[in-house]
Amino acid sequence: AQSVTQPDIHITVSEGASLELRCNYSYGATPYLFWYVQSPGQGLQLLLKYFSGDTLVQGIKGFEAEFKRSQSSFNLRKPSVHWSDAAEYFCAVGPRGGNKLVFGAGTILRVKS
Amino acid sequence: EPEVTQTPSHQVTQMGQEVILRCVPISNHLYFYWYRQILGQKVEFLVSFYNNEISEKSEIFDDQFSVERPDGSNFTLKIRSTKLEDSAMYFCASNPRGLVSHEQFFGPGTRLTVL
């Protein structure tokens, strides 16, 4: 069955530490891949996307993500986390030939000072 | 920068009442969507809309739901007879090119509370 998995429900990191949020997908063909961020009471903001080409994509706010076909993964990374990065992060996939996004369950990031 | 807007930000209604959630997509976008997020759960696709008709809908989008683009700017979601389980955050999204890119721009959401 097609699915998107974010195995970590909560992650806590210290300010200034590096961050990696995991995302795995299960689809027949490589879908379009996205990371969104949702701050409390806010909507969904696109951080970055992968359609094709270079497997390391850069996004806003210093985030990057790497697509690994062999692992069906699209993990989000940031080398140094800021307190303002505390939010919920959603991985989403858009099946090629489809017309919707399928979201993972989300990972809540807490940043401790 | 253009953005998707939604009104109201919070809607409280009694069970069985009709509600209409409103969205103004980005002006040159062609595809429009509604998603919902029940508190503490993942964001779920409801419906997509293109060229004045539904292009895809989920199992959630039953006969109680309808969408409309009544004019050149608004995109609405109607729930005819609300249930307690319809309480959720409803997000509108739009996409400039649809199938080609899937890049969807989301509005801030409408929180619907059904009492």
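Residue numbers begin at 1 in each chain, while the letters A, B, ... track the order of the sequences. The figures here come from the full heavy-atom set of this structure, side chains too, leaving out hydrogens, waters and symmetry mates. The model shown is predicted, which means the values in this text are computed figures rather than measured ones.
In this structure, chain B has heavy atoms under 4.5 Å from both the backbone and the side chain of A/Leu44. Residue A/Gln6: no heavy atom, backbone or side chain, is found under 4.5 Å from chain B.
When all heavy atoms of A/Tyr36 and B/Gln104 are compared, the closest pair comes out as OH-O, 2.7 Å.
When hydrophobic clusters are built by joining Ile, Leu, Val, Met, Phe, Trp and Tyr residues whose side-chain heavy atoms come closer than 4.5 Å, directly or via intermediates, A/Ile108 is not grouped with A/Leu21. Under the 4.5 Å side-chain heavy-atom criterion for Ile, Leu, Val, Met, Phe, Trp and Tyr, A/Leu19 and A/Leu48 are members of the same hydrophobic cluster. By the rule that hydrophobic residues join a cluster once side-chain heavy atoms approach within less than 4.5 Å of another member, A/Val4 and A/Leu47 end up as members of one cluster. Under the 4.5 Å side-chain heavy-atom criterion for grouping Ile, Leu, Val, Met, Phe, Trp and Tyr, A/Val37 is connected to A/Val57 within one hydrophobic cluster.
One finds the CD atom of A/Glu88 at 11.5 Å from the NZ atom of B/Lys42 (value rounded to the nearest 0.5 Å).
Within a 6.0 Å sphere centred on CZ of B/Arg22, other residues, nucleotides and ligands contribute 12 heavy atoms or fewer. In B/Asp63, the CG atom is not crowded: 12 or fewer heavy atoms of neighbouring residues, nucleotides or ligands sit closer than 6.0 Å. For CG of A/Leu56, the number of neighbouring non-hydrogen atoms (other residues, nucleotides, ligands) closer than 6.0 Å is greater than 12.
Of all residues in residues 78-89 of chain B, none places a non-hydrogen atom less than 4.5 angstrom from a non-hydrogen atom of chain A.
In this structure the side chain of B/Tyr35 reaches within 4.5 angstrom of the side chain of A/Leu101, judged on heavy atoms. Counting heavy atoms from C-beta outward, B/Gln37 and A/Phe90 have side chains that approach closer than 4.5 Å.
Results of the side-chain contact (heavy atoms from CB on, under 4.5 Å) test with A/Lys100 over B/Glu56, B/Glu44, B/Lys57 single out B/Glu56 as the only residue that passes.
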* To do: Report the C-alpha separation of B/Phe91 and A/Gln38 in whole Å, then their side-chain angles, then the decisive distance to 0.1 Å, and conclude whether the side chain to side chain contact (heavy atoms under 4.5 Å, CB included) test is met.
  => CA-CA 12 Å; B/Phe91 292 105; A/Gln38 184 182 32; 3.4 Å; yes

